[in-house]
Amino acid sequence: MGVLSCTKVGLFSVIIALFALYYKRQFVIDLEREIPKILESLKKAEQNVELNSALKVAIGFGGCMDIFVDAISFFDKMKMNPSSIIQHHDTIRNEEELNEGFLYYFTHGAAGERYVNNFTLFSEMVAAAEQIPSYRKVVGGNAPVIANRLALEGADILLASTGATDFTTKLHKRIKLAGSVVDTSDIHLILEYKSGEKWGDHVSPRANRYIAIADKYNPTISSLESFVDEYEKFDADLYVVGGLQVMDNYDFKSSERSARLSALNSLMLDIRHKNKPIHFEMASFVEELLLEDVVKYVLPQSDSLGMNEQELPNLISFLKHGNVTMVSEAYPRTAHVLDLMRSLYTEVSKIKAVGENLPKAGSRIHVHTLAFQAIITRKGSLWKNTMAAAAHASLTANRHICGKEDVDINTSKMLMDESFSTTVDKTQADRVQFSSQEPVSCWEEMIAGDTVLVCVAPNLVCTKVFQTAGGGDNISAAGLRFQV
């Protein structure tokens, strides 16, 4: 009797599990069918906003020419086979470290950016990339990419950057350059790969890129003084700081990096005293001493923070424990990301801004993941249109990565489920049901004693990838465009 009873319970459990699997599959199919409605609802949300037609944005720092190339084709051209060793390297000194370091990020499907501390090797890498028929060369760097996106969306821009004519002639006509024109632009070599792509026995779990750099001008923030000379006259509505990750493991003279970031801090402090907001765009940092300086000089004066799902846990790990995380989950759950954002908001709110009568830092946090956009804004702050900003950021993700202004439903998919929890804490969690008519979910809650608005928008994920590099910069810029 006991055996029969156990058998019945086991069979019932199997039936329930199969039913749940069938239901989930049917809902995924139904959700895919809802993509046309979701697209129209997101478009309606982004169009239902009156934008500031006279928006002025000042952006720094640095710039380069990006060379895009297929990663596997690049390694074939370099006559390199996949290593048996998968290992992170802070800097790249030889072919072995390039091979091992690339594999580390490739097998995790994570974005990485590393300095090549060997100019002969880097020159050989660039030469090999330029021999691949499909290679592309475009304006790159956090600041110029953000600048071009905002200019494309009608803003006037002051850009702090240094570059040659191949760089300056590719900038949007609404961009004014504050910086020197030099003989040769810095180059960033972007090795892109697709989801499920193979190199030897190794498979990437998602599409992403590995960036190799050997910058001459960007690590020292060479355009800072030119920017200081012009920013007051330009009188921007919003300031954006980015590109500081190129300082990572660069060979500075003693105390040079801290001195440059201290000078940047003085500029940011002056801007905030003028009651103008500053957005800081995070990136891939691995050097703990650099992050220590960023937390000391940059975060206290940053009203807004932008980052992806890899950079978010990295920054929190450093703020809480003093160490960095090289990679994290490729497809994090919505509840987990929201909890990390709450943690970041709390940690940043503890940082005291140097200066009298200045508001707390971090009144806005925008995290862009492969599956969704999440934006937190402090109630009573200057940030507006949070729901529309999330929708616009979502659509911009698809447009940029697919390389087309019109979103194609045939090359788009949903990664979000039919509902999500607001937190992993089951005692506090609410379940938010997805609606194709109102795909952006917003609610108010309390974090660190502040009332905040939280908005989550699903991404229509591009399945025919044109490019991944620059995605975060375009998405962050799109969100900011709607919020000032």
Side-chain angles (χ1 to χ4, degrees), residues 60-62 64 86-94 96-98 100-105 108 110-119 121-122 140-143 186 188-191 208-222 224 241-265 268 280-302 305-328 344 347-348 351 469 472-473:
F61 290 89
C64 64
I86 300 175
Q87 183 176 336
H88 166 77
H89 294 281
D90 288 344
T91 60
I92 304 301
R93 294 169 295 182
N94 51 52
E96 289 75 21
E97 292 182 349
L98 171 64
E100 295 165 5
F102 169 78
L103 275 173
Y104 181 81
Y105 288 92
H108 287 89
E113 181 171 340
R114 294 297 166 262
Y115 193 86
V116 180
N117 201 9
N118 180 331
F119 291 112
L121 172 60
F122 190 75
N142 301 96
D186 285 335
H188 290 187
L189 182 57
I190 300 172
L191 311 179
N208 226 316
R209 73 278 183 191
Y210 181 86
I211 305 175
I213 70 172
D215 287 6
K216 177 181 178 182
Y217 302 106
N218 295 325
T220 60
I221 323 180
S222 61
L224 178 60
V241 173
L244 301 185
Q245 75 278 6
V246 297
M247 296 175 128
D248 211 304
N249 286 290
Y250 181 78
D251 189 18
F252 286 97
K253 298 174 185 176
S254 178
S255 303
E256 182 183 10
R257 184 170 65 194
S258 293
R260 297 304 289 161
L261 288 172
S262 178
L264 173 59
N265 174 269
M268 295 175 74
F280 173 52
E281 189 66 20
M282 276 287 293
S284 177
F285 291 92
V286 296
E287 187 189 350
E288 291 171 359
L289 287 175
L290 174 56
L291 260 181
E292 185 178 324
D293 280 344
V294 168
V295 170
K296 178 180 178 180
Y297 294 113
V298 180
L299 283 194
Q301 308 303 344
S302 299
L305 301 171
M307 64 203 72
N308 65 26
E309 67 269 44
Q310 302 288 324
E311 296 150 6
L312 173 62
N314 188 27
L315 180 56
I316 293 171
S317 176
F318 185 80
L319 288 172
K320 283 189 166 184
H321 310 295
N323 54 50
V324 299
T325 57
M326 303 303 174
V327 295
S328 56
L344 178 59
E347 291 300 317
V348 173
I351 299 173
D473 297 324

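Hydrogens, waters and symmetry mates are skipped; everything else that's a heavy atom, side chains included, is used. Keep in mind that this is a model prediction, so the values were computed, not measured.
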Asks: Can you see whether Tyr250 engages Arg257 through a side-chain donor-acceptor pair at a distance of less than 3.5 angstrom?
Replies: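 The answer is no; no qualifying pair exists.
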Asks: Would you call the rings of His108 and Tyr104 parallel, tilted or perpendicular, taking 30° and 60° as the class edges?
Replies: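 Tilted.
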Asks: Quick check against the 3.5 Å criterion: does Glu292 have a side-chain atom that pairs as donor or acceptor with the backbone of Leu289?
Replies: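 Side chain of Glu292 to backbone of Leu289: no pair is present.
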Asks: Answer yes or no: does atom CG of Asn323 have more than 12 heavy-atom neighbours from other residues, nucleotides or ligands under 6.0 Å?
Replies: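 Enclosed: over 12 neighbouring heavy atoms sit under 6.0 Å from CG of Asn323.
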Asks: How close do Ala143 and Gly62 get, counting heavy atoms only, and between which atoms?
Replies: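 For Ala143 versus Gly62, the nearest heavy atoms are CB-O, 3.7 Å.
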Asks: Testing the 3.5 Å rule here: is there a donor-acceptor pair between the side chains of Asp293 and Ser258?
Replies: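 Their side chains do contain a donor-acceptor pair, which is all the 3.5 Å distance test asks for.
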Asks: Okay, side chain of Arg260, backbone of Ile221: is any donor-acceptor separation there less than 3.5 Å?
Replies: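 Looks like yes, one N/O pair under 3.5 Å.
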Asks: Could you pull out the closest heavy-atom pair between Asn142 and Gly243, with the gap in Å?
Replies: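 So the minimum-distance heavy-atom pair works out to OD1-CA, 3.3 Å.
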Asks: Could you report the tightest heavy-atom contact between Ala212 and Val116, atom names first, then the distance?
Replies: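 Minimum heavy-atom contact is CB-CG2, 3.8 Å.
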Asks: Any sub-3.5 Å donor-acceptor pair from Asn218's side-chain atoms to Val246's backbone N or O?
Replies: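 Not confirmed, Asn218 side chain does not pair with Val246 backbone.
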Asks: Quick one, Tyr105 with Arg114, criterion side chain to side chain donor-acceptor pair (under 3.5 Å). Give me CA distance, side-chain angles, the key distance, then yes/no.
Replies: CA-CA 11 Å; Tyr105 288 92; Arg114 294 297 166 262; 2.5 Å; yes
Asks: Is there a donor-acceptor pair under 3.5 Å between the side chain of Asp186 and the backbone N or O of Tyr217?
Replies: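 Present.
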Asks: Output yes when a side-chain donor or acceptor of Asn117 lies under 3.5 Å from a complementary backbone atom of Thr91, and no otherwise.
Replies: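 Side chain of Asn117 to backbone of Thr91, a donor-acceptor pair under 3.5 Å: no, none is there.
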Asks: Determine whether the side chains of Glu311 and Asn308 contain a donor N or O and an acceptor N or O closer than 3.5 Å.
Replies: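 There is such a pair between these side chains.
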Asks: Salt bridge (Lys or Arg N to Asp or Glu O under 4.0 Å) with Glu309: which residues, sequence neighbours excluded?
Replies: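 Residues passing salt bridge (Lys or Arg N to Asp or Glu O under 4.0 Å) with Glu309: Arg206.
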Asks: Determine the interplanar angle of the Phe285 and Phe280 rings, folded into 0 to 90°, and report it as parallel if under 30°, tilted if 30 to 60°, perpendicular if over 60°.
Replies: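 Ring orientation of Phe285 relative to Phe280: tilted.
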Asks: What are the two closest heavy atoms between Met247 and Leu261, and how far apart are they?
Replies: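 Closest heavy-atom pair between Met247 and Leu261: SD-CD2, 3.9 Å.
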Asks: Going by atom types only, do Asp215 and His188 share a side-chain donor-acceptor pair under 3.5 Å?
Replies: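 Yes, His188 and Asp215 have a side-chain donor paired with an acceptor closer than 3.5 Å.
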Asks: Which atoms form the tightest heavy-atom contact between Tyr297 and Pro300, and what is the distance?
Replies: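 Shortest heavy-atom contact: C-CD, 4.1 Å.
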Asks: Mind listing the closest non-hydrogen atom pair of Asn94 and Leu121 along with its distance?
Replies: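 Closest pair (atom of Asn94, atom of Leu121, distance): C-CD2, 3.6 Å.
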